[in-house]
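Here is the structure we will look at, set down as structure tokens.
Both backbone and side-chain heavy atoms feed into the values below; hydrogens, waters and symmetry mates do not.
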Amino acid sequence: MPFKPPEVFRCPKCSKPVYAAEEVLGAGQKWHKMCFTCGLCKKMLESTTVAEHEGLVYCKQCYGRKFGPKGYGFGGGAGCLSMDAGEHLGNKDVAMSNKPNYQAPPGSQ
Ligand SMILES: [Zn+2]
Ligand SMILES: [Zn+2]
């Protein structure tokens, strides 16, 4: 029998093993502290400030802006930027990454 190492969690972000000394629990997974950052603004997160969505982690602010009730954080908010239509939040990318294997049905082109 080969030596079977104890189960090592791999960081969802960098895919490297996460050891107890550097682990942060979030979204049901273990992350490196350095990797446990908001998927949008890259702010470092803590297990108490994280909001998760489909396995990715965000700070509460970005989560609210991206997934919150329609209109929340947009238009009239203190952080409202001109031309802020959500592109910088990666909404397009998310829409695409949700369907990695999407193919147009035959006959639709
Ligand atoms: Zn990592
Ligand atoms: Zn953020």
Side-chain angles (χ1 to χ4, degrees):
M1 278 294 281
F3 173 69
K4 189 170 182 297
E7 186 176 8
V8 174
F9 290 89
R10 288 189 179 266
C11 173
K13 190 93 153 209
C14 68
S15 301
K16 291 180 184 151
V18 180
Y19 299 104
E22 55 190 0
E23 76 180 29
V24 182
L25 210 55
Q29 309 194 75
K30 292 189 176 183
W31 307 67
H32 294 116
K33 277 181 191 143
M34 297 305 294
C35 294
F36 195 53
T37 55
C38 172
L40 292 174
C41 71
K42 314 301 181 198
K43 187 163 74 180
M44 283 192 72
L45 300 170
E46 294 170 30
S47 51
T48 51
T49 61
V50 64
E52 69 167 288
H53 184 86
E54 294 184 349
L56 298 175
V57 290
Y58 304 94
C59 69
K60 301 266 193 208
Q61 270 179 321
C62 289
Y63 184 90
R65 295 187 69 188
K66 193 170 170 65
F67 306 111
K70 203 174 171 98
Y72 175 81
F74 289 102
C80 182
L81 304 170
S82 60
M83 311 260 310
D84 187 352
E87 279 91 348
H88 73 290
L89 296 177
N91 284 346
K92 274 192 206 160
D93 292 346
V94 167
M96 288 178 64
S97 65
N98 280 344
K99 307 172 187 169
N101 298 317
Y102 177 77
Q103 290 181 326
S108 72
Q109 292 178 3

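The line from CG of Leu40 to CD of Gln61 is 11.5 Å long, rounded to the nearest 0.5 Å. One finds the CD atom of Glu23 at 10.5 Å from the OG atom of Ser47 (value rounded to the nearest 0.5 Å). Summarising the geometry, atom NZ belonging to Lys66 is positioned 12.0 Å from atom SG belonging to Cys59; distances are rounded to the nearest 0.5 Å. Residue Tyr58 holds its OH atom at 14.5 Å from NZ of Lys43, rounded to the nearest 0.5 Å.
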Does the pair Val24 and Lys30 meet the rule for a side-chain contact (heavy atoms from CB on, under 4.5 Å), with working shown? CA-CA 6 Å; Val24 182; Lys30 292 189 176 183; over 6 Å; no
Stepwise, does the side-chain contact (heavy atoms from CB on, under 4.5 Å) test hold for Phe36 with Val50? CA-CA 9 Å; Phe36 195 53; Val50 64; 3.7 Å; yes
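The two residues Thr48 and Lys60 make their nearest non-hydrogen contact at O-CE, 4.2 Å. In terms of heavy atoms, Leu45 sits closest to Thr37 at CD1-C, 3.6 Å. The heavy-atom pair separating Pro17 from Arg10 by the smallest distance is CD-NH1, 3.6 Å. For the pair Trp31 and Cys11, the tightest heavy-atom approach, listed with the atom from each and the gap, is CA-SG, 4.3 Å. Of all heavy-atom pairs between Lys33 and Met44, the closest is O-CE, 3.2 Å. Between Glu52 and Tyr63, the shortest heavy-atom contact is O-CE1, 3.4 Å.
Tyr19 has its ring centre no less than 6.0 Å from the ring centre of Phe9.
Residues meeting the salt bridge (Lys or Arg N to Asp or Glu O under 4.0 Å) test with Lys13, sequence neighbours left out: none. The side-chain hydrogen bond (donor to acceptor under 3.5 Å, both in side chains) check on Gln29 picks up nothing, with sequence neighbours excluded.
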